[in-house]
Amino acid sequence: MTSSSTRVTVADDPTRTRLTAAGAAAVIACAGLALRTVAAGEVAKYGGDALYTLMLFALVRVVAPRTAAAKAAAVALAVSWAVEFLQLSDLPAHLARQSTAARLVLGSTFNAPDLFWYAVGAVAGWWVVRRV
């Protein structure tokens, strides 16, 4: 048994952080797709919003494994909000008509409550990493 002072944690090892975050991103993506198949309405919509930002949080940790949890959450939230505000233009709707992938990534219509649920996803990512 190792003492807590010599134990290597995920946060201490960038490779482990990347692998853990990549696995988490894959699980989160599957959870988001599964949610859309088993739920409808607001549960699917807003749950998907939170999972979207949570997946972005995990991807930030894949790209920059030494990034602090709070900073990764802020980046994920900023990207999510930027995509949502981009929906005030016609570009995401146009791209969504051309590609399913674009529709999944960019959405198509601005919805103010989404901003809150993105924050829920960012806080969830921060909270999980802080607890590990």
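If you're wondering where the values come from, they're calculated on a predicted model, not measured in any experiment.
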Only pairs under 3.5 Å count here: list side-chain donor-acceptor contacts from residues 119-132, not counting sequence neighbours, and write none if there are none.
none

Can you list, pair by pair, the side-chain donor-acceptor contacts under 3.5 Å of residues 69-80, counting residues two or more places apart and other chains?
| from | atom 1 | to | atom 2 | distance (Å) |
| --- | --- | --- | --- | --- |
| S80 | OG | T53 | OG1 | 2.7 |
| S80 | OG | A76 | O | 2.9 |

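Here S108 contributes atom OG and H94 contributes atom NE2; the two are 13.0 Å apart, rounded to the nearest 0.5 Å. To the nearest 0.5 angstrom, R61 atom CZ is 14.5 Å from L56 atom CG. Note: D49 CG to L54 CG = 12.5 Å, rounded to the nearest 0.5 Å.
Listed by first then second residue, pairs satisfying ring-ring contact (aromatic ring centres under 6.0 Å, His included) with a partner in residues 60-92 read F85-F110, not counting sequence neighbours. Under the salt bridge (charged side-chain N to carboxylate O under 4.0 Å, His left out) criterion, no residue pair touches residues 98-111, with sequence neighbours excluded. Sorted by first then second residue, the side chain to side chain donor-acceptor pair (under 3.5 Å) pairs that include residues 28-47, not counting sequence neighbours, are K45-D114, Y46-N111.
Using modelled atom types, no side-chain atom of T20 and backbone atom of T17 make a donor-acceptor pair closer than 3.5 Å.
Heavy atoms only, all atoms of each residue included: M55 and A29 are closest at SD-CB, 3.7 Å.
Applying the side-chain contact (heavy atoms from CB on, under 4.5 Å) rule to V62 yields the partners A21, A22; only residues at least two apart in sequence or on another chain are considered. With sequence neighbours excluded, the residues that form a side chain to side chain donor-acceptor pair (under 3.5 Å) with E84 are Y118. By the side-chain contact (heavy atoms from CB on, under 4.5 Å) test, T109 is found to be paired with no residue, residues two or more places apart in sequence or in another chain being considered. When the side-chain contact (heavy atoms from CB on, under 4.5 Å) test is applied to V27, no partner is found at least two apart in sequence or on another chain. Applying the side-chain contact (heavy atoms from CB on, under 4.5 Å) test to L95 and every residue at least two apart in sequence or in another chain returns L91, A102, L106.
F57 and L59 fall into different hydrophobic clusters, where Ile, Leu, Val, Met, Phe, Trp and Tyr residues are linked whenever their side-chain heavy atoms come under 4.5 Å apart, directly or through other members. Under the 4.5 Å side-chain contact rule for hydrophobic residues, V83 and L88 share a cluster.
Using a 4.5 Å heavy-atom threshold, the side chains of T100 and L104 count as touching.
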